[in-house]
S.K.: 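Here you go, one structure.
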Amino acid sequence: MKFGGTSVGDAKAIARVVEIVRGRLPQRPIVVVSAMAKVTDQLLQMARAAGAGDRRTALTLARECRERHYNTAGELLGTALFTQFHSDLGTEFEELEELLRGIAAVGELTPRTTDHVASYGEVLSSKLVTAAMSTHDIPAVLLDSRDCIVTDETFTRAAPLFDDTNAKLKELVAPLVEGGQVPVMGGFIGATRGGVTTTIGRGGSDFSAAIVGAGLSADKIEIWTDVDGMMTTDPNICPDAKRIKVISFDEAAELAYFGAKVLHPATVLPAIQKNIPVYILNSRNPACEGTRIAARAPHCKNFFKAIAAKKRITIIDIAAPRMLLAHGFLKAIFDAFDRHRIAVDVVSTSEVSVSLTVDSNEQIPALAADLAKLADVKYEGRKAIVCLVGENLREIPGISAHVFGQLSDVKIRMISQGASEINLTFVIDEDQVPAIVQRLHRRFFSDLDQAIFA
Ligand code: ASP
Ligand code: MG
């Protein structure tokens, strides 16, 4: 069971976590927690301030962070326990402040030191949650993730060393579970073989949960967050968007590009590879069944799983009547994108031209100037990518006819299907997004019982 930053964001949220875990005790849970909401950002801010020699700002921020943890602990724990816990937290904060003073004195912040500072968020939250569970009669045991998540030395985005990690998990975590205890671990953090603190990348607690769950062959992994799960489309555009009950890993991965903020599926890959289902659940609404991510989703009677849209897209059209199919020409084009460090999303080619989309940004004019040495270049912003995702696209003929049949009055600038077999993508003017998404959602999602395949 992994609880994200908002799920442990204050005393009330942590109290909810305690009850959610209580409900799962018969299933012998392991708990992985993020830092309290925004704490990692604040720690990184402290580290940067200290690195710039601004000791005062760094220590002021640390004091605020200390207050927040004390206040939360005070609300959660009875007086006797709070006194003991207060001094325990105090020791952590003294160490943190010592570290910040050291960084400020040297005036240099290395990735290694950054990780050391950032790790306090999960160290503190895991202590807090363990104490809260203990006072409420849950047999919680704190486990320092740095003792079991073994990583390489790529500080700030370290990669787990799975063999070492799995061995440690079996040695340190499994016996606790078997003994009827509930291990509580901080997500996001680990350590090198030599014991130096590392972090595994922002948002990494989901990854931690998947590493632990996969390493111990859990029956399932629950990612507790503050929404009911993944939705058929953005509820801000379509208030009648529905919760997706089951989604395949591939479908979820396609949607991640569109900023499905709930979870980046790549982070749960270790679980998916072992066929362990991953659930996204809402700690504010624990009765809701959430969304299950499975290696393979069962057949869905709906055409699609979801409709996503991404605005702030620019289309770049490159026309080169004589050159396009010449050997090496596309390479020259992509090299230009590479030099400007601009990522391409949708690509479509013809005999004489190639169109690409990129996220709108300030570097485009410079890129266009570079490309103009090779061919005629035009670019146009205020576009949007609309993407329909679903495993059914692999098998069912004529789906695109159904989609584009709905769009006979719309100027479609690019179309792409086939790259992943499970997404149908097209590009339109940005201001048309709400109307088009609503129209498609109404057609493909409003009446799920409608026999659209008949
Ligand atoms: N606390 C870390 C972060 O904010 C990891 C996580 O929350 O997943 O990036
Ligand atoms: Mg997160």
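When reading the values below, keep in mind they use all heavy atoms of this one structure, side chains included, and skip hydrogens, waters and symmetry mates. Start at 1 and go down the list; that is how both ligands and their atoms are numbered.
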S.K.: Taking the six-membered ring for Trp, are H116 and F155 ring centroids under 6.0 Å apart?
M.R.: no
S.K.: Can you confirm whether R24 is buried at CZ, in the sense that more than 12 heavy atoms of other residues, nucleotides or ligands lie under 6.0 Å from that atom?
M.R.: yes
S.K.: If only atom types and distance count, is the side chain of T110 paired as donor or acceptor with the main-chain N or O of T113 below 3.5 Å?
M.R.: yes
S.K.: Does S205, backbone or side chain, put an N or O under 3.5 Å from an N or O of ligand 1?
M.R.: yes
S.K.: Within ligand 1, which atoms have a heavy atom of S34 less than 4.0 Å away?
M.R.: 6 (C), 7 (O), 8 (O)
S.K.: May I ask you to check if ligand 1 and G203 share an N or O to N or O distance below 3.5 Å?
M.R.: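 Yes - when backbone and side-chain N and O of G203 are compared with those of ligand 1, one distance drops under 3.5 Å.
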S.K.: Taking the six-membered ring of F85, is the NZ or CZ of K127 close enough (under 6.0 Å from the centre) and on axis enough (within 45°)?
M.R.: no
S.K.: Measuring from F304:CZ to T233:OG1, what's the distance to the nearest 0.5 Å?
M.R.: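 F304 atom CZ to T233 atom OG1 measures 12.5 Å (nearest 0.5 Å).
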S.K.: Say whether G121 and ligand 1 are in contact under the criterion: heavy-atom distance to a ligand atom below 4.0 Å.
M.R.: no
S.K.: As a check for students: among M36, E122, K2, R202, identify the option with a heavy atom nearest to atom 4 (O) of ligand 1.
M.R.: R202
S.K.: Answer with yes or no whether G4 contacts ligand 1, where contact means a heavy atom under 4.0 Å from a ligand atom.
M.R.: no
